[in-house]
Undergrad: 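Questions regarding the structure given below will be posed in turn.
Keep in mind the model is a prediction, meaning the values are calculated, not measured. Note that the numbering runs from 1 along the sequence shown for the chain.
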Amino acid sequence: MEQITTKVLLAEDEPALGMIVSESLDSRGFDVDHFENGKLALEAFEKNDYDILVLDVMMPEMDGFTVAKNVRQLNDEVPIIFLTAKSQTDDVLEGFHVGGNDYLKKPFSMEELIVRIKNLLTRQNIQKTASHYKIGNYDFNFPKQELKIDDEIIKLTHRESHLLYHLVLKMNKVLDRTYILKKLWGDDDFFSGRSMDVFITKLRKKLAKDEKIEIVNVRGFGYKLIVGE
């Protein structure tokens with residue numbers, strides 16, 4: 001069986017520390033992408049899938065808190081650990097307020113960082129094992145690419161399933177059009193946009209058996225999956 005490698009995004013502006021962390025994680029089987037400023041880290045996140053983010057707070061171009069705020073606009077689930085020399089209560093609270101899951105004060109031991117990474121990944125994997133998402137009266141099985149309502153099973157294509165998955169993650173919030181085009185189509189040009197519009201129409205038809213479900217076009221921004229009560 002092929003072993004699945006955990007993908008880590010590391011943002012740390014101190015080259016020596018970044019190298020130590022990268023090499024330590026790599027030696028334990030993690031796949032690490034290291035960036036020395038927040039702007040590059042965010043750009044990488046927008047283009048790739050990561051299992052966990054390890055963000056230094058004080059960085060050039062864009063600080064870790066700002067990176068986290070932007071990440072949370074795109075993904076509510078990926079775990080985030082902050083690395084920082086700060087230890088004031090306000091800074092800790094700010095880290096959790098912008099969507100962080102854990103907070104590690106410098107200097108730290110690599111063993112402690114690895115334990116915290118594994119704990120967050122374990123928690124995340126437990127959440128993912130359900131793999132079922134409730135959308136109104138529908139049950140969405142993402143791995144099987146199926147929608148079920150009553151006794152009817154509706155098959156989804158690979159792209160329909162992934163598009164619906166991202167809509168579900170942002171349920172009742174706007175899914176950014178440019179982000180999802182680049183994520184699933186690889187480009188946000190006119191033709192990719194038209195293709196996505198077609199897939200949105202297909203999803204609307206497949207969700208039409210529940211009148212309380214809508215996929216709304218938020219002009220100039222993206223799409224919003226709304227489930228009424």
Undergrad: Nearest 0.5 Å, please: how far is CG in L83 from CG in L17?
TA: 7.0 Å

Undergrad: For D210 and N137, indicate whether the former's side chain and the latter's backbone hold a donor-acceptor pair under 3.5 Å.
TA: yes

Undergrad: Could you tell me the separation between the CD atom of E36 and the CD atom of E61, rounded to the nearest 0.5 Å?
TA: 12.0 Å

Undergrad: Just verifying a value: how many Å separate T6 OG1 and D51 CG, rounded to the nearest 0.5 Å?
TA: 5.0 Å

Undergrad: Hey, quick one: are I200 and L147 part of the same hydrophobic cluster, counting side-chain heavy atoms closer than 4.5 Å, chains of contacts allowed?
TA: yes

Undergrad: Going by side chain to side chain contact (heavy atoms under 4.5 Å, CB included), name the residues that satisfy it together with R194, two or more places apart in sequence or in a different chain.
TA: F190, D197

Undergrad: For Y138, check ring-ring contact (aromatic ring centres under 6.0 Å, His included) against everything at least two apart and list the hits.
TA: none

Undergrad: Check this for me: E112, atom CD, are more than 12 non-hydrogen atoms of other residues, nucleotides or ligands nearer than 6.0 Å?
TA: yes

Undergrad: Ignoring hydrogens and geometry, is there a side-chain-to-backbone donor-acceptor pair from K170 to Q73 under 3.5 Å?
TA: yes

Undergrad: Would you check, one step at a time, whether the test side-chain contact (heavy atoms from CB on, under 4.5 Å) holds for L225 with L175?
TA: CA-CA 8 Å; L225 174 64; L175 176 63; over 6 Å; no

Undergrad: Would F199 and I215 show up in the same hydrophobic cluster when neighbours are defined by side-chain heavy atoms closer than 4.5 Å?
TA: yes

Undergrad: With L74, which residues qualify under side chain to side chain contact (heavy atoms under 4.5 Å, CB included), at least two apart?
TA: F45, E46, Y179

Undergrad: Return yes if some donor-acceptor pair links the side-chain N/O of D56 with the main-chain N/O of A11 below 3.5 Å, else return no.
TA: no

Undergrad: Residues two or more places apart in sequence or in another chain: which of them pass salt bridge (charged side-chain N to carboxylate O under 4.0 Å, His left out) with K39?
TA: E43

Undergrad: When you measure from the side chain of N101 to the backbone of I81, do you find a donor-acceptor pair of N or O atoms at a distance under 3.5 Å?
TA: no

Undergrad: Using only atom types and a distance under 3.5 Å, with no angle test, would you say the side chain of S27 pairs donor to acceptor with the backbone of S24?
TA: yes

Undergrad: Taking the six-membered ring for Trp and the full ring for Phe, Tyr or His, determine whether the centres of Y165 and F140 are under 6.0 Å apart.
TA: no

Undergrad: Do L25 and F108 share a hydrophobic cluster (ILVMFWY, side-chain heavy atoms under 4.5 Å, transitive)?
TA: yes

Undergrad: Sequence neighbours left out, what passes ring-ring contact (aromatic ring centres under 6.0 Å, His included) with H34? Give chain and number order.
TA: none

Undergrad: Regarding K7 and D31, does a basic nitrogen lie under 4.0 Å from an acidic carboxylate oxygen?
TA: yes

Undergrad: Can you tell me how far apart OG (S109) and CG (L104) are? Round to the nearest 0.5 Å.
TA: 7.5 Å

Undergrad: Begin from the C-alpha positions of V98 and F82 and carry the test side-chain contact (heavy atoms from CB on, under 4.5 Å) through to its verdict.
TA: CA-CA 11 Å; V98 298; F82 287 115; 3.8 Å; yes

Undergrad: May I ask you to check whether H158 and H162 place their ring centres under 6.0 Å from each other?
TA: yes

Undergrad: Taking it one step at a time, do Y50 and D33 satisfy side-chain contact (heavy atoms from CB on, under 4.5 Å)?
TA: CA-CA 9 Å; Y50 290 97; D33 286 344; 2.7 Å; yes

Undergrad: Distance from D63 atom CG to N37 atom CG, nearest 0.5 Å?
TA: 11.5 Å

Undergrad: Could you measure the distance from the CG atom of L55 to the CG atom of L10? Nearest 0.5 Å is fine.
TA: 8.5 Å

Undergrad: So does S22 get a backbone contact from the side chain of D26, meaning a donor-acceptor N/O pair under 3.5 Å?
TA: no

Undergrad: With a cut-off of 6.0 Å (strictly less than), are more than 12 heavy atoms of other residues, nucleotides or ligands near NZ of K134?
TA: yes

Undergrad: Is there a path of hydrophobic side-chain contacts, each under 4.5 Å between heavy atoms, that joins V115 and M110?
TA: no

Undergrad: Does Y103 offer a backbone N or O that forms a donor-acceptor pair with the side chain of R116 under 3.5 Å?
TA: yes

Undergrad: Run the side-chain donor-acceptor check on residues 149-156: report pairs under 3.5 Å with partners two or more places apart or on a different chain.
TA:
residue	atom	partner	partner atom	Å
K155	NZ	K144	O	3.4
K155	NZ	E146	OE2	3.3

Undergrad: With a 6.0 Å cut-off (strictly less than), is the heavy-atom count around NZ of K206, excluding the residue itself, greater than 12?
TA: yes

Undergrad: What do the steps show when you test L207 against L164 for side-chain contact (heavy atoms from CB on, under 4.5 Å), and what is the final call?
TA: CA-CA 10 Å; L207 293 167; L164 182 58; 4.2 Å; yes

Undergrad: So, the side chain of E14 versus the backbone of A16: is there a donor-acceptor pair under 3.5 Å, distance only?
TA: no

Undergrad: Do V216 and M171 sit in one hydrophobic cluster, given that two such residues count as connected whenever their side-chain heavy atoms are within less than 4.5 Å of each other, even indirectly?
TA: no

